[in-house]
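Structure first, commentary second.
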Amino acid sequence: MFLRLLFLASLCLPALAQLPGSWTEPFPPHKIAGNLYYVGSRDLASYLVTSSEGHILINSSLEESVPLIRASIEQLGFKFTDVKVLLISHAHSDHCAGSAEIRKLTGAQYMVMEPDVPAVESGGGLRKSRIKNKADYTQFPPARVNRVLKDGDEVKVGDAAVVAHLTPGHTPGCTTWTMKVDGLNAVIIGSPNVNPGYVLVNNAAYPTIATDYERCFQVLKALPCDLFLGAHGGYYDMAKKHATLKSTTANPFVDAEGYQRYVIEKEKAFRQEWNRQKAAAVR
Ligand SMILES: [Zn+2]
């Protein structure tokens, strides 16, 4: 029996090993500024934008993240069922797999940037062929979309408002969210990353992927940013900044310089990979 369990465990391990522990490790929910709160895990970022008429939740994350997000919202003194609108950074499982469940539990309206809607509503199946290896994060429970968003659209609940910016490449509908809070410009980056296995040259499933990344960086560089935030806590050293919350009166999440540095660094990484693939294609 023990050996059998051991054997079964060994079968499960490769699948488990793909999920970093920081994705499901609880993290103290905290106020970023004004009506903007962090309600995610140590690395999978979820944000709550509150109003007296209900809240906006950005990122449902994994299916197993849903109870954690709920607990974080309640710990801050808000009601999970007051989430009226659900948004995502992009159609990958680490940001949207919990959406079907959150829609069911809260009745929230699910709003998604147009090019990511087919993936969201089909559970990612339509673009399975896009990723060569480790396609897991492109698969998730399908969820119906209530409102299809376009670049520049505003999403409002009461006096809570965020703006959707199309920053494509990582996915065709990858979305960077911005809002004004306490006179500061908050930017929640959707993802500037070129994942392992991404095809930037002659990609039949996503022909405009490389020029989409160029557009993404153009948009990110032009956005005014004081509060540097993103789809993963790791983008902006969330845990490190959070640790200084108690020892400083300055808001540690205000980091305009860090934002610019991050975007430039990511654009450099994209261009290097694009050049590498272009050179390999002509060989
Ligand atoms: Zn992703």
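Residue numbers count from 1 along this sequence. Just follow the structure's listing: the first ligand is 1, and inside any ligand the first atom is 1.
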Aromatic ring pairing H30/Y38, orientation class (parallel under 30°, perpendicular over 60°, tilted between):
parallel
S191 side chain to Y235 side chain, donor-acceptor N/O pair below 3.5 angstrom:
yes
From D159 atom CG to T50 atom OG1, the distance as rounded to the nearest 0.5 Å
8.5 Å
Using a cut-off of 2.8 Å, how many protein N, O or S atoms lie below it in distance from the Zn ion (ligand 1)?
3
I'd like to know if the side chain of E214 pairs up with that of Q218 as donor and acceptor (distance under 3.5 Å, no hydrogens or angles considered).
no
Suppose we screen for side chain to side chain donor-acceptor pair (under 3.5 Å). Which residues come up paired with N195, at least two apart in sequence or across chains?
Y137
Do H170 and N193 pair up side chain to side chain, a donor and an acceptor below 3.5 Å, judged on atom types alone?
no
